[in-house]
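Note that this is a predicted model, so its numbers are computed, not measured.
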Amino acid sequence: MNKALYALGRLKTGQMNKTEAAYDQHLALQQHAGQIQWRKFEGLKLRLADNTFYTPDFAVMAADGVMECHEVKGVWMDDARAKIKIAADMYPFRFFGIKVRTKKAGGGWEVEAF
């Protein structure tokens, strides 16, 4: 994989990157329109195994009351994909991978259900 695609460092816990901030604005519009009831950035921490946790980028309560976990990525790495799949098998939430769609592809968000 091209090293230019790797993040230079992690932001502090509770601090959004630009893609997450843009997605938060998208969720805010959905909340205002009544499509979701609630959202919280890094609002859940799920235990996958001893000393192994997964913190979804966004905990979301859908309009139907079902909890969802949204993971926002610019590029998916194998370890991140593995963690969300393991969490989806263990917990009774809906899990979604969210990836920004290029302007050339029409913009917006690509959504992958797990």
Side-chain angles (χ1 to χ4, degrees):
M1 172 148 283
N2 184 347
K3 287 190 178 194
L5 296 177
Y6 287 104
L8 296 177
R10 281 301 311 147
L11 297 170
K12 293 178 186 172
T13 300
Q15 190 174 354
M16 293 182 210
N17 64 34
K18 290 179 184 178
T19 305
E20 292 163 343
Y23 189 68
D24 186 52
Q25 289 180 331
H26 171 74
L27 289 177
L29 292 173
Q30 285 191 323
Q31 189 171 358
H32 183 72
Q35 295 170 322
I36 64 171
Q37 295 183 38
W38 175 85
R39 74 189 194 284
K40 177 84 172 140
F41 179 70
E42 295 182 350
L44 294 173
K45 184 175 184 177
L46 306 174
R47 180 186 299 271
L48 303 181
D50 288 343
N51 299 316
T52 305
F53 296 89
Y54 166 62
T55 303
D57 290 326
F58 291 93
V60 176
M61 182 180 286
D64 61 4
V66 175
M67 287 299 297
E68 299 178 347
C69 297
H70 295 204
E71 186 66 30
V72 180
K73 294 289 184 200
V75 176
W76 277 95
M77 299 296 173
D78 289 341
D79 62 331
R81 189 172 286 282
K83 275 190 171 184
I84 196 171
K85 285 180 178 181
I86 292 165
D89 285 340
M90 293 178 69
Y91 289 92
F93 307 131
R94 293 180 192 142
F95 286 82
F96 297 101
I98 310 296
K99 189 174 173 190
V100 68
R101 189 177 295 134
T102 64
K103 289 180 182 176
K104 191 175 185 180
W109 304 97
E110 290 180 23
V111 180
E112 178 182 359
F114 287 92

Looking only at non-hydrogen atoms, find the nearest pair between [X] and [Y] and report the distance.
| X | Y | answer |
| --- | --- | --- |
| Cys69 | Phe93 | SG-CD1, 3.9 Å |
| Ile36 | Leu27 | CD1-O, 3.5 Å |
| Thr19 | Trp109 | O-CH2, 3.7 Å |
| Gly97 | Phe114 | N-CE1, 3.6 Å |
| Met16 | Ala21 | SD-CA, 3.7 Å |

Would you be so kind as to tabulate the donor-acceptor pairs closer than 3.5 Å made by side chains of residues 47-56, with sequence neighbours excluded?
unit_1: Thr52; atom_1: OG1; unit_2: Asp50; atom_2: O; d: 3.3
unit_1: Tyr54; atom_1: OH; unit_2: Glu71; atom_2: OE1; d: 2.9

Spacing of NE2 belonging to His26 relative to CD belonging to Gln35, to within rounding of 0.5 Å: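 So the gap between those two atoms works out to 7.5 Å.
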Donor-acceptor under 3.5 Å (Gln31 side chain, Gln37 main chain): yes
Phe96 and His70 aromatic ring geometry - parallel, tilted or perpendicular at 30°/60° bounds: perpendicular
Residue pairs, two or more places apart or on separate chains, that pass salt bridge (charged side-chain N to carboxylate O under 4.0 Å, His left out) and touch residues 98-114: Arg81-Glu112
Hphob cluster co-occupancy, Ile84 + Met90, side-chain heavy atoms under 4.5 angstrom: yes
Same cluster (ILVMFWY, side-chain, under 4.5 Å), Val66 and Leu44: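 Looking at the clustering, Leu44 is in a separate group from Val66.
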Note, Ile98 side chain near Tyr23 side chain (heavy atom, < 4.5 Å): yes
Flag side-chain contact, heavy atom, 4.5 Å: Trp38 against Val60: no
Contacts of type side chain to side chain donor-acceptor pair (under 3.5 Å), residue Asp64, not counting sequence neighbours: Arg94
